[in-house]
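Encoded as structure tokens, the structure appears first; notes follow it.
Computed from a predicted structure; not experimentally measured.
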Amino acid sequence: MNDFVHRRRTELLGAYVLNHLEGSELAAVLDHLDDCAECQSTVAELAPVARALAGANADNVTVPAHLEELVVRRVDAQRGRRTRTTLLVTAAAAVVIAGATWWYLRPAAPLEPVALVQQAPGVTAEASIVPHTWGVEIKLDGQGFASGQTFQVSVTGTDGAEVSAGSFIGTGANVMHCNLNSSVLRANASGFIVRDATGTITLASKFARR
């Protein structure tokens, strides 16, 4: 498994120990854990935090001011070779102790992993969509998109029409996490397309039929 895929699986461990995964994402993490001693160790480290959160009541929590600043400061204070997920959950655990349990008790977004049917050479990506009442949101994670270049994203309707979902700037070898939004409802969407500055298709996805 390459570094990109390992990193993506690692970033799901926090949600895994909190029982926020299901379907293909849960299956992918379970399969990864079978062969990855590092992630097994991370899960063991996060389990006590998950058990503490399980009995928390978000309605009775007082949220401290500057929550984001507190989390970032805590993460910046950590050093060593632990994973990004471990750092974030460690930081969040400190915030939970301070009374910010609500941050972890937010309902998980109804993510729907989607198939990528075309990827340009050098591009590695994974994508999920969220079926909102106002349209489809695309959560795209990837690397290999030409650094500094603008990429246009559109959602394809079941009628073949394309509707803009926004754009992003390529980050080259650095991993990119991008959220894009369209006005096409899930029932009317069949996939999405990413084009580079020349209009060439760099990435294409196909949604499962509904």
Between side-chain atoms of residues 151-159 and protein atoms elsewhere (two or more places apart, or another chain), which donor-acceptor pairs fall under 3.5 Å?
{"residue": "S154", "atom": "OG", "partner": "E162", "partner atom": "OE1", "Å": "3.1"}
{"residue": "D159", "atom": "OD1", "partner": "A161", "partner atom": "N", "Å": "3.0"}

Closer than 3.5 angstrom, by distance alone: can the side chain of [X] be matched with the main-chain N or O of [Y] as a donor-acceptor pair?
X    : Y    : value
E112 : P131 : no
S205 : A115 : yes
E137 : N181 : no

*Is there a side-chain contact between D196 and F145 (heavy atoms, below 4.5 Å)?*
no

*Are L116 and F192 close enough that some pair of their side-chain heavy atoms sits under 4.5 Å apart?*
yes

Output the distance between atom [atom1] ([X]) and atom [atom2] ([Y]), rounded to the nearest 0.5 Å.
X    : Y    : atom1 : atom2 : value
H32  : L13  : NE2   : CG    : 6.5 Å
D141 : T124 : CG    : OG1   : 12.0 Å
T202 : Q119 : OG1   : CD    : 10.5 Å
S183 : H132 : OG    : NE2   : 13.0 Å

*asked:* Any salt bridge linking E126 with R9? Criterion: basic side-chain nitrogen under 4.0 Å from a carboxylate oxygen.
replied: yes

Please answer: with hydrophobic residues joined when any side-chain heavy atoms are less than 4.5 Å apart, are [X] and [Y] in the same cluster?
X    : Y    : answer
I138 : V123 : yes
L180 : V130 : no
I129 : I193 : no

*Which one of M176, H177, Q149 satisfies the side chain to side chain contact (heavy atoms under 4.5 Å, CB included) criterion with F168?*
M176

